[in-house]
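Beneath this line is the structure, given in structure tokens, with notes to follow.
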Amino acid sequence: MKVMKFGGTSLGQPERMKEVTKLVTAGNEPVIVVLSALSGTTNALVEIGNELANGHRENAKKLIAALEEKYQVFINSLIEKPESVQKVQNLVAEHFEFLNIILKISFSEALFKDIVAQGELLSTRLFSIYLEEQKIDHVLIPALEFMSIDQNNEPQIGSIKIKLNQLLQKHKHQKLFITQGYICRNSKGEVDNLKRGGSDYSASLIAASINASVCEIWTDIDGMHNNDPRIVNKTIPVEQLSFNEAAELAYFGAKILHPASIWPAQQYNIPVKLLNTMRPSAKGTLITEQAASVGVKAVAAKDGIIAIKIKSSRMLLAYGFLRKIFEIFEKYHTSIDMITTSEVAVSVTIDEENNLPQILKELETFGNVEVDKNQVIISVVGNEISHTPNIVKKLFDSIGNIPVRMVSYGGSKHNISLLVPAEYKTKILKQLNKGMFGLE
Ligand code: ASP
Ligand code: MG
């Protein structure tokens, strides 16, 4: 059995949904299809939730009406047969009625999660009605019946496995299953989610739970590219990556794959394929345990980075200093991406500002603290790159006189990271494309 996950842009137009239908019915192997919401939907739902949270009911109401209108247009060109038309209209009415009822209830965090869950519930049920209209045999298995997270918002892979396999057992001869990405239940049994972009994570957890032959992530680009195609002119798809390389790239900015989605596949050794719905015959990127080749494969940029330097003469010859500093970040649930140290100072980077004032206040008890906002992490990723001859020379030759705030080298064999001010992002990505890959 395999898993095929389709993102919002692969579903966002009725014609695209029809293409997806061809793809999921093409092979002989049984498939679990994991769907995101149609493109733009989750953003719209988040906006509706935010308006409600701020007490702006009228605005929320308008946004709900606008979204419903979009769905009306969508279903009008997707569904044709009269029996199915009635069904799909009832479905859309049901979900938008729910949103309109929520308008009248006093707002809570739990309601917010109910609101954003509507996107995946709608996309899968719409798809199911379309399949039914086309007489394509399938079963819809609700993610809320098997996908769950614990008190720390971590997926409960053990229980997901048991529940999902029980559900599949009920339909032994079925070959096509449809389910929602992103949504799950939390430890209180409420509707929750795996955070934005979490459908990839759902797909990987499902693939791990059923020991799938492959976890296919279908998007609108031919796999992971060697550089950011939105910034540099010429990029090429990377044919193969190891899980470790893919994890570094996903974490450090390659938007194609949710960073957390690597570990379930890696732990259960399920190959992951990144494929393109617009060009199904393109090779895409295959991610497996072993890297097929040595050397630099790609660069990625992670925006919105804040660098913090703590300088203290107390660090000199002291032990336990780093622990005390890290404990402050731990206390405020803020993860550190990069670190560099000298004998009297340590610099770290974080990617969220939520608890920055409290963190800085506590750090100041250790010494002089300096903050540089608007930085970007540029990660150069590949297999064994720290052993590749001349790599550092080539890297620094490529970037020329761009100022570098931090360098992280040797932390893993797959990554060299540089921290540079955000205004140099485009320039450095272009220069690396030329210098490291020979692409203009
Ligand atoms: N629909 C959700 C989002 O937009 C999950 C996903 O697409 O992966 O974040
Ligand atoms: Mg995505």
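Counting starts at 1 for both ligands and their atoms, in listed order.
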Heavy-atom side-chain proximity of Y332 to E362 below 4.5 angstrom: yes

Under 3.5 Å: N/O of K5 near N/O of ligand 1: no

S36: numbered ligand 1 atoms lying under 4.0 Å from its heavy atoms: 6 (C), 7 (O), 8 (O)

Ring geometry between F177 and H171 (parallel below 30°, tilted from 30 to 60°, perpendicular above 60°): perpendicular

E120 neighbourhood, listing ligand 1 atoms whose heavy-atom distance to it stays under 4.0 Å: 1 (N), 2 (C), 5 (C)

T42-ligand 1 polar pair, N/O distance under 3.5 Å: yes

Parallel, tilted or perpendicular: ring planes of F127 versus Y130, cut at 30 and 60 degrees: parallel

G8 to ligand 1, any heavy atom closer than 4.0 Å: no

K195-ligand 1 polar pair, N/O distance under 3.5 Å: no

Geometric N/O contact R196 with ligand 1, under 3.5 angstrom: yes

Aromatic plane relationship, F107 with F112 - under 30° parallel, 30 to 60° tilted, over 60° perpendicular: perpendicular

Contact check, G7 vs ligand 1, heavy-atom distance below 4.0 Å: no

Side chain, backbone, both or neither: the part of H258 lying under 4.0 Å from ligand 1 by heavy atom: neither

Check: D228 side chain, R230 main-chain N or O, donor-acceptor pair, under 3.5 Å: yes

Other residues, nucleotides, ligands: >12 heavy atoms within 6.0 Å of L140 CG: yes

Ion pair E440/K234, N-O distance below 4.0 Å: no

